[in-house]
Amino acid sequence: MTVLDRGSAVPLWQQLQADLTARLAAGDFAREFPGELAIAGHYGVSRHTVRQALRKLRADGLVVAERGRQPRIAPTPEIRQPMGALYSLFASVEAAGLDQRNAVRKLEISADAVVAARLGREGSTPLLHLERLRYADDQPLALDRVWLPAELAAPLLEADFTHTGLYTELAERAGVRLEHGREQIHAVVPTAAERMLLQCPPTAAAFSIHRIGYAAGRAVEWRHTIVRGDRFALTAEFSAQAGYRLRQCGALATA
């Protein structure tokens with residue numbers, strides 16, 4: 001039993017709310033969030049006090065507490081973006097109300113004959129290679145690797161990609177704006193190294209996304225992204241006017 005300080009000037013419900021928040025952050029309720037009666041018994045408070053605390057947790061988006069149903073931990077917010085259009089993970093994550101950041105693992109000029117061939121260049125063509133681990137609210141979402149011809153993208157060596165989008169920097173620093181592209185998405189089993197970086201649950205698969213992007217009629221971007229399968233989903237919409245259109249929701253790895 002956890003005893004709250006009844007002599008404190010801080011109301012009991014606020015003490016309870018603070019303690020539950022700390023326990024949520026520590027992962028104490030990974031399996032199941034306790035019901036009102038269990039919380040009341042554990043802390044020795046009334047159900048009214050519990051409801052006040054849960055009301056604040058619900059307002060903060062930490063739990064879902066509905067009338068007549070046991071409270072539960074709120075699901076991770078989804079990041080939604082339409083497929084078939086150039087999109088930005090940077091904008092999508094922040095539009096979902098999540099903090100976005102990148103851990104830059106590589107930003108260098110190198111040569112890769114296989115990638116150069118995909119971009120329609122000679123095998124020895126210098127390429128800018130950017131590799132980032134993408135985060136939303138401090139949780140890894142995707143491992144993103146992109147290559148662009150250095151003759152176009154060299155100015156990006158001066159960019160700080162910890163909190164900005166590739167396409168924004170490419171347009172502002174190099175004057176290059178992607179016009180269209182093509183993607184292939186496959187379900188894969190993450191490698192041990194990828195699973196460690198993405199902190200994937202043991203049973204989670206992943207999506208492997210290959211993208212080629214075009215500007216001024218030429219291929220200028222080759223990208224390979226591994227996305228956590230438990231944070232990413234595909235849905236489809238259709239109508240008589242627009243026809244069939246795929247949409248993706250969840251953590252997608254792009255600009």
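In this structure, Leu197 is a member of the same hydrophobic cluster as Val188, with clusters built from ILVMFWY side-chain heavy atoms closer than 4.5 Å. In terms of hydrophobic clustering, with Ile, Leu, Val, Met, Phe, Trp and Tyr side chains grouped at heavy-atom distances under 4.5 Å, Val63 and Trp13 are assigned to different clusters. In the hydrophobic clustering of ILVMFWY residues, with side-chain heavy atoms under 4.5 Å counting as a link, Ile39 and Leu57 come out together.
Judged by distance alone, the side chain of Asn102 and the main-chain N or O of Val104 form no donor-acceptor pair under 3.5 Å. The closest donor-acceptor contact from the side chain of Arg228 to the backbone of Pro140 lies under 3.5 Å. In this structure a side-chain-to-backbone donor-acceptor pair under 3.5 Å is present from Glu179 to Ala216. For the pair Arg118 (side chain) and Ala113 (backbone), a donor-acceptor distance under 3.5 Å is absent.
Contact check for Gln139 versus Gln199: no side-chain heavy atoms found under the 4.5 Å cut-off. Using a 4.5 Å heavy-atom cutoff, the side chains of Phe161 and Leu107 are in contact. Counting only heavy atoms from C-beta outward, the side chains of Leu166 and Arg223 approach each other to under 4.5 Å. Looking only at side-chain heavy atoms (C-beta outward), Ile226 and Leu198 come within less than 4.5 Å of each other. You'll find the side chain of Ile209 stays beyond 4.5 Å of the side chain of His186, heavy atoms only. Two residues are said to be in side-chain contact when any heavy atoms from C-beta on lie closer than 4.5 Å; Arg195 and Val189 meet this criterion. Leu12 places a side-chain heavy atom less than 4.5 Å from the side chain of Arg6. Between Val45 and Leu4, the closest side-chain pair of non-hydrogen atoms falls below 4.5 Å.
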Subject >> Stepwise side-chain hydrogen bond (donor to acceptor under 3.5 Å, both in side chains) test for Tyr167 and Glu172 >> reply: CA-CA 9 Å; Tyr167 291 166; Glu172 293 180 354; over 6 Å; no
**OP:** Mind running side chain to side chain contact (heavy atoms under 4.5 Å, CB included) on Leu143 and Arg145 for me, showing each step along the way?
**Re:** CA-CA 7 Å; Leu143 179 62; Arg145 307 177 183 97; 3.0 Å; yes
**OP:** Apply side chain to side chain contact (heavy atoms under 4.5 Å, CB included) to Leu157 and Ile109, showing your working.
**Re:** CA-CA 9 Å; Leu157 288 171; Ile109 302 294; 3.8 Å; yes
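With rounding to the nearest 0.5 Å, the separation of CD in Gln52 from OG in Ser46 is 7.5 Å. How far CG of Leu127 is from CZ of Arg121: 8.5 Å, rounded to the nearest 0.5 Å. Between Thr225 atom OG1 and Arg132 atom CZ the span is 8.5 Å, to the nearest 0.5 Å. Taken from CZ in Arg173 to OG1 in Thr168, the straight-line distance is 11.0 Å, to the nearest 0.5 Å. Taking CZ of Arg211 as the start and CG of Asp144 as the end, the distance is 9.0 Å to the nearest 0.5 Å. Here the OG1 atom belonging to Thr162 is positioned 12.5 Å from the OH atom belonging to Tyr135, to the nearest 0.5 angstrom.
Arg47 meets the side chain to side chain donor-acceptor pair (under 3.5 Å) test with Glu36; sequence neighbours excluded. Arg23 is linked by a side chain to side chain donor-acceptor pair (under 3.5 Å) to Asp28, Tyr43, counting only residues two or more places apart in sequence or in another chain. Checked against side chain to side chain donor-acceptor pair (under 3.5 Å), Glu194 has the following partners two or more places apart in sequence or in another chain: Thr191. Residues passing the ring-ring contact (aromatic ring centres under 6.0 Å, His included) test with His224 are His210, sequence neighbours excluded. The side chain to side chain donor-acceptor pair (under 3.5 Å) test applied to Thr125 returns no partner, not counting sequence neighbours.
Minimum interatomic distance between Leu16 and Val50 (heavy atoms only, all atoms of both residues): CD2-CA, 3.8 Å. Considering all non-hydrogen atoms of both residues, Ala159 and Glu169 come closest at CB-OE1, 3.7 Å. Considering all non-hydrogen atoms of both residues, Gly123 and Ala111 come closest at O-CB, 4.4 Å. Taking all atoms of both residues into account, the shortest heavy-atom contact from Ile212 to Ala219 is CD1-CB, 3.8 Å. The shortest non-hydrogen separation linking Ala153 to Leu170 is CB-CD1, 4.4 Å. Taking both residues in full, the closest heavy atoms of Gly181 and Tyr214 are given as CA-CD1, 4.1 Å, listed atom of the first, atom of the second, then distance.
Applying the side-chain hydrogen bond (donor to acceptor under 3.5 Å, both in side chains) definition to pairs two or more places apart or across chains, none involves residues 108-117.
Among Thr2, Val10, Thr49, the single residue meeting the side-chain contact (heavy atoms from CB on, under 4.5 Å) criterion with Gln15 is Val10.
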